[in-house]
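Position 1 is the first residue of the sequence, and the numbers go up from there.
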Amino acid sequence: MKTNLSSQIKLERIPKRYYDPEGDVELAALTREEKIYTRIFETITDGSEYIASHIARIINLNVEQKDRCVLALGAGNSTLSVYNALIELYRKGRVSFRNVIVYNLCEFFPLDPDGPSTLKRLKETLLDHVDIHPENIRTVKPGLVKADVYEHCKEYEREIRASGGVDLTICEVGPQGAIGFNEPGSLATSLCRMVLLSGEMRQEIANSYKTENVPTTAITLGIGNILSSGRIIAMAWGENRASIIKAAVEGEVSTDVPASFLQLHNHVRLVCDLSAAEDLTRLSRPWQVTSCEWTDKIIRRAIVWLCGVTHKPILKLTDKDYTDNGLGELVALYGSAYNVNIKVFNELQHTITGWPGGKPDADDTYRPERAKPYPKRVIVFSPHPDDDVISMGGTLKRLVDQKHDVHVAYETSGNIAVGDEDMSRYLIVMDKIKALLGFDTPEFEEKAKEINEFLVTKPSGAPDSHDIREIKTMIRQAEATLACHFIGVKHDNIHFLRLPFYETGTIKKGDLTETDIDIVRDLITTVKPHQIFVAGDLADPHGTHRVCTDAVLAAIDDVKDEPWMKDCRIWMYRGAWAEWEIDHIEMAVPISPEELRFKRNSILKHQSQMENAPFLGDDDRLFWQRAEERNRATAGLYEDLGLASYEAMEAFVEYHPIRD
């Protein structure tokens with residue numbers, strides 16, 4: 001089953017020569033801005049398998065040379081795929097843990113038997129599945145009290161020294177560049193100690209461990225301990241790590257970015273996927289490190305960057321601007337700055353359209369969407385019951401107003417994001433309506449009592465009962481239906497798919513299965529759309545967007561060779577967490593001030609997601625505020641480049657299924 005097709009979104013956006021680390025001839029030039037040896041892989045799976053193979057080699061080498069290998073292991077979310085790959089190598093007989101000693105890199109303090117534990121996770125994800133001797137697993141002493149923490153930390157360090165020192169440390173680059181629980185402010189000389197966890201780190205832990213019961217303190221090996229390891233492998237996956245990876249790899253060593261201290265180690269490897277590496281110079285501005293392969297996308301990226309550096313619109317750039325900023329190669333290639341300017345200006349101009357479904361009876365040579373067929377059958381896939389209006393509410397309204405047959409498919413129930421207080425409000429209203437209409441029944445009274453008693457006694461973080469999940473699902477479906485009606489989507493064109501992977505009743509979701517994909521495929525084959533809009537917002541910190549995107553792309557992959565599917569275009573939107581970079585935008589839909597207010601009102605129909613939405617991520621603004629700021633910023637960037645001035649814009653990138 002193909003379940004990682006979302007990785008193609010990145011692959012289409014970066015020419016391979018700029019991320020192929022095996023290109024020995026170009027390696028020195030490509031990485032000259034990088035102060036840490038960095039390996040970039042197409043997917044998390046590829047990167048994880050590379051790390052697992054490297055760990056296995058180091059274990060085998062150390063066991064052969066000195067009869068043991070000492071590891072310090074982190075248990076961050078990024079390590080899970082690595083440990084899965086390492087277990088596979090163990091099962092194939094390529095590595096043994098009989099002579100391995102493991103030190104837990106960090107642990108929560110105080111340890112709650114019902115709370116998160118890094119050791120518990122290490123055992124569940126790796127140690128319980130290999131042949132390590134239990135006595136060789138070292139961690140924070142259970143039942144440790146605060147008064148004994150200092151001495152225990154010193155004893156932990158003495159144990160490591162007595163074992164011969166750590167041969168290899170495995171860790172992830174966490175929020176703000178944290179290593180272990182060494183957050184900004186940690187010194188290069190810091191040692192094993194108790195630390196206070198920041199709000200951002202605690203949110204990361206809550207998401208990673210799928211729990212709300214997160215301690216405020218922890219015990220961690222210090223940066224000094226980590227740097228004393230023989231070798232270090234650090235990892236980072238996903239767009240939300242891109243800026244911190246650039247700071248750690250290309251910036252100055254600073255206490256503001258603890259991962260930057262890895263620059264001080266002679267044997268460190270940083271492994272990341274394309275998403276996490278996209279801000280590195282060799283990917284984001286390759287012309288600054290080597291002679292470029294000047295594709296249209298790279299040229300557009302370079303000119304947009306040059307406009308930002310010179311503070312000029314495109315058509316005012318001069319030959320001198322190009323040569324002074326390392327882009328003289330483009331002037332030589334095209335004959336003059338003017339020729340490059342016109343090329344890029346026209347390309348960006350042609351991305352702008354007020355007809356996202358195509359303008360009927362119009363010349364579509366330079367339009368993002370074709371004029372025919374008209375009207376089009378359109379499916380908008382929305383991961384949660386509000387992503388459609390948050391990310392493309394203005395475009396959705398235009399598609400409806402321009403008479404296209406628009407279907408909206410909500411992939412998950414979103415019930416986990418409805419607070420108990422919001423649900424209780426609906427129960428009170430229901431009770432009043434029941435009394436008003438005389439619908440008093442013993443069955444209703446008994447069920448209402450049961451639900452209220454559950455809410456009163458429900459422990460913090462405990463999953464909802466089936467009845468409560470169903471009520472919360474009804475709330476979100478009602479809100480989504482109101483929003484669709486407000487926009488003008490036909491009632492029969494509103495689809496609630498309720499993909500099974502989401503319906504666990506807890507923050508932790510299941511894996512994507514064929515059942516999920518079948519549900520999506522059935523809708524696509526029933527509608528036979530001319531356009532599909534799908535979330536490409538892979539920066540979603542909770543992972544639901546990526547799973548939903550993979551479900552849609554896998555379904556598309558199954559039907560891509562159907563005759564009707566060959567006439568279907570797939571557009572990816574963003575907006576809830578990030579926006580497309582302007583050099584990749586292929587369709588930009590302008591939004592007037594009135595349309596932006598209409599979009600806001602569409603989002604406000606989702607009342608349960610306003611003040612009390614529990615999963616806003618690191619950005620504490622409400623979704624309508626984020627959406628408006630991003631839409632205005634996109635329009636502002638077009639204006640700064642010398643194009644037309646609009647109130648706001650929604651942006652899209654076309655996805656091309658890989659066909660044989």
Tell me the closest heavy-atom pair linking [X] and [Y], and the distance in Å.
| X | Y | result |
| --- | --- | --- |
| S78 | S81 | O-OG, 3.7 Å |
| T412 | C548 | CG2-SG, 3.8 Å |
| S413 | P385 | O-CG, 3.4 Å |
| D561 | K566 | O-CE, 3.5 Å |
| A276 | C272 | CB-CB, 3.8 Å |
| E650 | G393 | OE2-N, 3.2 Å |

- Under the side chain to side chain contact (heavy atoms under 4.5 Å, CB included) criterion, do V489 and V400 qualify, and how do the steps go? CA-CA 7 Å; V489 177; V400 171; 4.0 Å; yes
Say whether, by atom type as modelled, one donor and one acceptor occur between the side chain of [X] and the main chain of [Y] under 3.5 angstrom.
| X | Y | value |
| --- | --- | --- |
| Q609 | A417 | yes |
| D364 | A371 | yes |
| H545 | P383 | no |
| N631 | M649 | yes |
| T473 | N415 | no |
| D387 | H384 | yes |
| N493 | V406 | yes |
| R121 | A75 | yes |
| S602 | A483 | no |
| K560 | P657 | no |

| task | Run through Q531, E654, M565 and flag the one making a side-chain contact (heavy atoms from CB on, under 4.5 Å) with I570. | result |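 By the side-chain contact (heavy atoms from CB on, under 4.5 Å) criterion, I570 pairs with just one of Q531, E654, M565: M565.
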Side chain to side chain, [X] and [Y], heavy atoms closer than 4.5 Å:
| X | Y | value |
| --- | --- | --- |
| M572 | L553 | no |
| I591 | Y646 | no |
| S48 | M235 | no |
| T353 | K359 | no |
| L396 | V408 | yes |
| W564 | P529 | yes |
| F501 | T515 | no |
| T634 | I582 | no |

So how far is it from [X] [atom1] to [Y] [atom2], rounded to the nearest 0.5 Å?
| X | Y | atom1 | atom2 | result |
| --- | --- | --- | --- | --- |
| L499 | T513 | CG | OG1 | 9.0 Å |
| D550 | D557 | CG | CG | 11.0 Å |
| S391 | R630 | OG | CZ | 9.5 Å |
| I585 | R574 | CD1 | CZ | 10.0 Å |
| L523 | I379 | CG | CD1 | 4.5 Å |
| E581 | D583 | CD | CG | 6.0 Å |

Check your understanding: If you draw a 6.0 Å radius around CD in E88, do more than 12 non-hydrogen atoms from other residues or ligands fall strictly inside?
Key ->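 Result for CD/E88: enclosed.
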- Would you call the rings of H350 and Y366 parallel, tilted or perpendicular, where under 30° means parallel and over 60° means perpendicular? parallel
Give the ring-plane orientation class for Y374 versus H404, where under 30° counts as parallel, over 60° as perpendicular and anything between as tilted.
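If you compare the ring of Y374 with that of H404, the planes turn out perpendicular.
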Inspect the contact between [Y] and [X] and indicate whether a charged nitrogen and a carboxylate oxygen are less than 4.0 angstrom apart.
| X | Y | value |
| --- | --- | --- |
| R569 | E586 | no |
| E124 | K120 | no |
| D386 | K605 | no |
| E204 | R241 | yes |
| R521 | E562 | no |
| R398 | E595 | yes |

Scan side-chain atoms only and decide if [X] and [Y] contain a donor-acceptor pair under the 3.5 Å cut-off.
| X | Y | answer |
| --- | --- | --- |
| T395 | Y573 | no |
| D388 | Y410 | yes |
| S608 | E479 | yes |

* **Sole residue of R632, R597, K599 in salt bridge (Lys or Arg N to Asp or Glu O under 4.0 Å) with E647** =>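 Running salt bridge (Lys or Arg N to Asp or Glu O under 4.0 Å) over R632, R597, K599 with E647 returns exactly one hit, R632.
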query = Hey, mind stepping through H606 and V389 against side chain to side chain contact (heavy atoms under 4.5 Å, CB included) and telling me if it holds?
reply = CA-CA 10 Å; H606 297 269; V389 288; 3.9 Å; yes
Evaluate K397 against V589 for side chain to side chain contact (heavy atoms under 4.5 Å, CB included), listing each step before the verdict. CA-CA 11 Å; K397 176 64 172 171; V589 180; over 6 Å; no
- Going through the checks in order, is the side chain to side chain contact (heavy atoms under 4.5 Å, CB included) test met by F381 and T549? CA-CA 9 Å; F381 283 100; T549 298; over 6 Å; no
